[in-house]
Amino acid sequence: MRQAIKSAPDNFSLDAMIKWICQKIASERLVPIDDIDPDASFVGMGLDSMSAVTLSGDLEMALNVRLPPTLIWDHPNISALARYLVGTVRQSETVNG
Amino acid sequence: MATIKGDGVVGHNGKVNSMNLFHRVLDFEKYLGDPASLNARISFIRQLEDDENECFPELAVSHLHEWGLHKFYVPETLPGGHLSRIDEFLLLLRAVARRDLTVAIGHGKTFLGAVAVWVGASQNLQSRCAKLVLDKKPVSLGLTEVAHGSDLIGNACRIDSTALGKYTLHGEKWLINNATRSDALTVYANTSGRTGANAGTLVWVEKAKITGDYTCLPKELTHGIRGADISGIRFDGAAVQESDFIGAVGSGLDITLRSLQISRTLCCALSIGASDTALRAAFGFSKSRTLYGDVWINHPLTRKTLVEMFCRQLVAETLSLSAARLLHVIPAEMSLVSSVAKYLVPKTAEGIFKSSRALIGARSLLRETNFSFFQKFDRDNKLVGLFDGSSVVNLQAIVQQLRQLSIYGLEQIENYTNEDVDAELDKTLESVFCMHSALPALDFKALSLSNRGRDSVLQRFGKLLRRLDREMQQDGEVTALEEVITLGKRIQDAYVGLLDEVVVKSLGKDMRSPASFDAAKRYSDLYAAACCYYVWFYNRANSEIEFDPAFRNGQWLVVAFGQLVNSPPQCDSTGVFDWASRLYADQQAFSILPYETPFSPTFYM
Amino acid sequence: MNVTEKNSALVFISPWGQKREVVNRFEDYLGSPNHIDSLISFEKSLDLDEQQCIPEHEYAALNKWGLCRYFVPERLDGNLRDFDEMVMLFRSIFRRDPAIAVGYGLSSFMACLPIWCSGSNVLQQRVARIINQGGVISVAFHEKDHGNDVLRNEFTAVPVESGFSLSGEKWLINNLSRAVGATVFAKTDDRIQGKNYSMFFLEKSNLDDGAHVDRIKTVGVRACHLSGWAAKNVDVSNDSLIGELGQGFEISGKAFQISRTVLPGMTVAIADTALRMAVDFLESRKLYGDQAIALPLVQRDVANVFVDLISADCLTLATARLAQVAPQELSLASAITKYWVPTTIGRCMDATSVLLGARHYLRKGKYGYFQKLMRDASVVSIVHASPGVCLGLIVQQLRQLSMYGQEKQAQYAGEDVDIAQESKLQSIFCLSDPLPAFDYEALSLNNRGRDIILQSFALVDRRLAQEELNQTTTEICELNKQISNAYDDLLADISEKLIGTDMRSPQWFDAAKRYSELYAAACCFYTWYYNRANGQIEFDAAFRSGEWLAGMLNTILQTGPIERDEYENITAYVRRCYQDNKTFLLMPIRYS
């Protein structure tokens with residue numbers, strides 16, 4: 001399980017990022033990945049304030065970037081979140097690279 | 001459940017069967033009504049008012065008289081008395097305690113005042129006492145003093161001899177429930193010229209006969225039971241006759257200690273009544289409240305807490321009922337079980353209150369909202385562990401017997417490995433623990449100050465396990481049973497381990513050593529576990545009483561005692577949770593016994 | 001650093017010494033609670049409790065001394081610099097009367113925190129002036145139907161032309177009847193969870209536009225005035241908004257970390273008084289021919305209470321100081337403090353009530369005050385987030401803590417120094433060291449997996465093991481090994497068994513409890529380690545030798561009951577403190 005959390009997406013394309021977040025949420029909520037709608041709001045999926053902080057922490061560890069704990073409040077669905085993450089990861093690669 | 005007779009008292013003779021037992025309890029529950037309703041004979045809201053105003057709950061108490069609860073304070077062997085079965089009496093007191101502890105304590109005190117008379121007084125004095133009680137007059141018990149608490153031998157109250165057969169009573173009794181309201185008291189005093197264990201004498205004092213020679217002390221303001229009459233009385237040379245002595249001169253300590261075995265057992269009714277309501281409040285809150293997007297009861301931690309509370313309640317109740325029935329069947333072993341119960345049951349109830357507080361949150365501490373009754377129960381309940389012997393006093397009573405219990409216990413276990421059946425003892429145990437089996441009449445004379453090493457419950461526990469083992473080999477399809485047996489074996493191992501430890505480390509020899517007290521606590525826990533096993537064993541196939549299927553499959557034992565022997569329950573507790581939920585929804589008592597207790601679940605909405 | 005002239009020689013006074021001076025001055029000002037003429041006396045407080053009266057005289061006296069200025073940061077002309085000092089000052093009130101402490105101003109302090117953290121300069125100045133002058137402000141946070149589930153609160157603030165229009169009902173507000181303002185938590189947006197709440201500061205005129213709901217009667221702190229507030233289209237101006245629109249949950253989530261840290265630290269003093277009363281009773285009580293306090297069973301109970309008390313003291317001083325040294329880790333430290341301390345103090349209250357026997361049940365007489373303390377303590381324990389809520393806050397960080405923690409464990413297995421971490425630990429735990437000023441902007445909603453306390457434990461433990469050990473320190477090393485092992489096991493359990501399961505399950509909450517216990521144990525260890533040779537602090541030899549520490553660790557780790565010589569020594573110490581009228585806590589204050 002620990003490995004699953006730490007494993008990063010295949011690449012940092014938007015599609016790969018969306019798929020990767022869907023997988024994470026699916027395995028977390030013990031549902032098939034097809035049940036996860038990237039455009040449905042996190043609130044609708046039942047993510048509360050507690051899971052919000054946890055999810056941002058997981059993403060932070062997996063992607064090795066610093067993320068605000070309020071991440072999913074600012075980006076209220078998977079697609080929006082993925083767009084933000086792709087941007088952040090690329091930016092940090094530029095800085096580091 | 002069979003139909004209920006309306007007149008409240010069902011005829012009986014000598015041996016009462018279980019259906020009668022239920023009838024009277026059911027009838028009483030129905031008579032008292034739903035405490036959530038203002039029209040009930042004991043209502044939460046009215047009792048809260050009495051509490052805030054520090055008023056004695058006169059009205060509620062008068063309702064108890066009206067139904068005739070006071071008749072149960074007098075043995076049926078005396079004209080007009082109804083007391084024939086202690087387990088029934090326990091459930092009747094519990095019915096009051098479920099609704100209000102101040103009422104239960106304010107009214108029930110009369111039994112505590114009278115019990116020594118039944119245990120040790122002459123026929124003549126018994127008749128005098130019975131007459132007062134049946135006339136609805138409060139009777140009180142004067143044991144404790146300012147400087148000595150429960151240390152009876154250090155008492156300062158004294159009886160002086162003035163002329164042949166004539167005496168005067170001097171000194172002060174303090175923190176006495178109903179000292180002021182009572183018409184008569186049983187008073188413990190030292191006979192002048194004597195000291196030590198044989199100095200004390202119990203004397204029956206009727207206030208009407210000593211006018212002017214006594215003063216009632218002012219009511220003490222208390223944390224809980226604010227409406228109760230907790231006061232004191234000072235005797236200034238009140239005249240008493242030899243005929244007022246309960247038993248012989250110098251027999252006070254003996255009679256008191258034997259009487260306490262009965263009253264301590266009955267005190268458990270207060271605890272399991274109050275904790276029933278605490279658990280009900282926690283259920284009500286959890287079902288009515290939505291938190292974090294889900295009904296509170298659907299949160300896994302809430303469910304776990306409720307299941308644990310429910311199991312603790314079952315254990316406390318089972319131990320209380322076992323003690324009450326043992327009083328009929330093996331009275332010689334009451335010195336142990338009454339102390340075990342009086343130590344463990346109030347403690348368990350306090351634990352249930354604590355868990356309820358955690359679930360209910362802020363409302364458990366407000367004197368407002370629909371849950372305001374809870375804080376009153378919580379305050380009232382703290383008293384139960386204090387009176388009639390605190391936990392320390394009861395543990396000490398167990399410590400005193402530890403060595404004997406251990407040495408004799410180890411011998412017994414060794415013997416039982418060779419001998420397989422002891423039909424007579426099995427029958428004895430069955431009549432203690434099978435809830436519908438008839439009980440022998442009460443015999444207070446058979447009460448003894450010590451068990452002399454005998455403990456039929458734990459010392460036979462290994463045998464019970466062997467029977468279960470054999471049964472499983474015959475029919476291996478029962479699933480719960482295996483866990484029950486495995487856990488039972490760990491309990492037995494812990495028991496044998498404890499006995500060895502007591503012997504090896506000479507625990508109980510130094511009666512003040514903390515290690516001895518720890519061993520007594522451990523002994524009590526194991527004793528309670530064994531009682532629950534027996535009650536389950538002798539009732540799981542009982543067709544006379546409609547036990548819940550979840551009682552019969554024994555899983556509750558695994559949930560209840562896993563922690564005790566450090567093996568957290570592996571089994572699924574859903575069945576136990578559903579059982580508790582059913583009881584709540586169907587307005588049944590949180591009890592192994594199926595009986596209704598009106599309490600509207602909509603109250604919390 | 002202060003250097004003062006004394007006996008014509010220059011004497012250096014450490015920050016600890018200075019704080020002690022302040023507390024001593026305050027104690028002198030307050031006088032003995034046993035005398036009815038003192039500013040706060042048990043007798044008067046018991047009366048206030050019975051009558052449910054607001055302690056106006058006491059409040060005025062505290063204002064006169066300037067206690068209110070300790071709610072206001074130095075930069076705003078207040079006296080609040082170090083949180084440990086604030087904790088110790090307020091202990092002087094809590095040990096006398098928790099209701100006065102709560103009623104006097106802790107709700108004002110809570111109300112101010114979001115403003116100190118996120119309010120505009122203008123607002124900060126304005127509120128600072130109010131508080132410095134002794135004004136009271138309230139927090140209107142909770143609602144009747146939602147308890148701690150604040151993200152489902154229904155009180156709304158709808159944006160209108162000139163500001164906001166407020167409607168709804170708030171519940172369990174302290175001091176509203178005396179307040180000249182209030183901090184209010186309101187829903188400003190229906191769409192996004194977490195970003196749809198905002199915080200407002202309301203003036204008295206705003207409050208008067210709403211309706212004050214009747215006083216709510218409580219079991220404890222009966223002298224406090226709790227009530228509700230109902231608003232129907234109450235208009236407030238734009239500048240009443242604290243921080244940005246939609247930041248309310250975040251602001252409160254950060255700001256209240258401070259109050260969740262300092263409040264439990266203050267309440268430790270309730271148990272100090274409870275133990276004092278119990279000892280007083282046991283000294284005079286004869287039981288079965290003996291002085292009650294001479295009975296071994298009683299001595300063990302007394303020692304257990306003391307050990308709990310001193311552990312809570314260690315943890316609360318540590319987290320109060322951590323706030324200034326590592327504010328980005330306060331989210332975890334505050335949740336642990338607010339869970340572990342009330343639980344431990346509750347145990348102290350239960351144990352002392354047993355020691356007092358029937359006396360604990362009486363509302364009059366020499367020990368009549370005890371039942372009030374007991375009731376007050378029960379209310380204080382759930383004020384501002386119950387232990388259960390705090391465990392939930394810990395649960396949400398456990399995954400990151402376990403993963404980052406395991407990385408650290410692996411890293412430290414190879415290297416044996418981390419200067420930066422150790423110097424931070426030194427500033428947290430060396431009680432006489434100066435603290436950096438608190439950075440109100442450094443707070444974060446989570447620790448990002450960082451935990452200086454447990455993640456550095458292996459380092460410091462190794463240092464101790466390299467010393468020349470005596471019998472006590474050998475025992476401590478062994479106990480430390482248990483802490484390390486339990487910590488490793490816990491991290492492994494979380495990453496191997498728990499991650500992926502329902503986070504509301506009891507197993508997660510158990511893990512949070514275990515984490516808190518280890519955290520508390522580590523704090524006790526560091527407090528000893530960094531102060532045992534500290535010449536600037538007057539600790540008892542039994543503290544320095546590590547004897548108490550062994551007792552604390554054994555209790556927290558539940559390795560077994562306290563041994564005979566240990567409970568005898570501790571009881572002897574407790575009796576000495578009682579006779580000398582000295583606190584049982586680490587800072588050796590002699591009570592007036």
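Lettering of chains follows the sequences in order, A, B, ..., and the numbering in each one begins at 1. Keep in mind that the numbers below use all heavy atoms, side chains included, and drop hydrogens, waters and symmetry copies.
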Tell me which of these, B/S513, B/G361, B/S516, B/G224, has more heavy-atom pairs under 4.5 Å with chain C than the rest.
B/G224
Okay, B/L383 and chain C: the region with an atom under 4.5 Å from a heavy atom over there is both
For B/L221 versus C/K364, what's the shortest heavy-atom pair and its separation?
CD1-NZ, 3.6 Å
Which heavy atom in B/A362 sits nearest to a heavy atom in C/L172, and how many Å separate them?
CB-CD1, 4.0 Å
Which one wins on heavy-atom pair count under 4.5 Å against chain C: B/K382, B/E220, B/K354?
B/K382
Check this for me, if you would: do C/D149 and B/R289 make a salt bridge, where the nitrogen-to-carboxylate-oxygen distance has to be below 4.0 angstrom?
no
Under the side-chain contact (heavy atoms from CB on, under 4.5 Å) criterion, do B/R363 and C/K144 qualify, and how do the steps go?
CA-CA 10 Å; B/R363 280 167 177 73; C/K144 199 168 183 173; 3.4 Å; yes
If only atom types and distance count, is the side chain of C/Y361 paired as donor or acceptor with the main-chain N or O of B/R379 below 3.5 Å?
yes
Return the minimal non-hydrogen interatomic distance between C/V219 and B/Q375, and the atom names on each side.
CG2-CB, 3.3 Å
Contact class of B/T290 relative to chain C, heavy atoms under 4.5 angstrom:
backbone
For chain C, find which of B/I230, B/L366, B/D510, B/V392 contributes the most heavy-atom pairs closer than 4.5 angstrom.
B/L366
Write down the atom of B/K304, the atom of C/D510, and the distance for their closest heavy-atom approach.
NZ-OD2, 4.2 Å
Can you give me the closest heavy-atom contact between C/P561 and B/D518, atom names plus distance?
CG-OD2, 4.2 Å
If one checks every heavy atom of B/W174 against chain C at 4.5 Å, the contacting part turns out to be side chain
Any idea which heavy atoms bring B/T222 and C/R363 closest together, and the distance?
O-NH1, 2.7 Å
Part of B/N298 within contact of chain C (heavy atom distance under 4.5 Å):
backbone
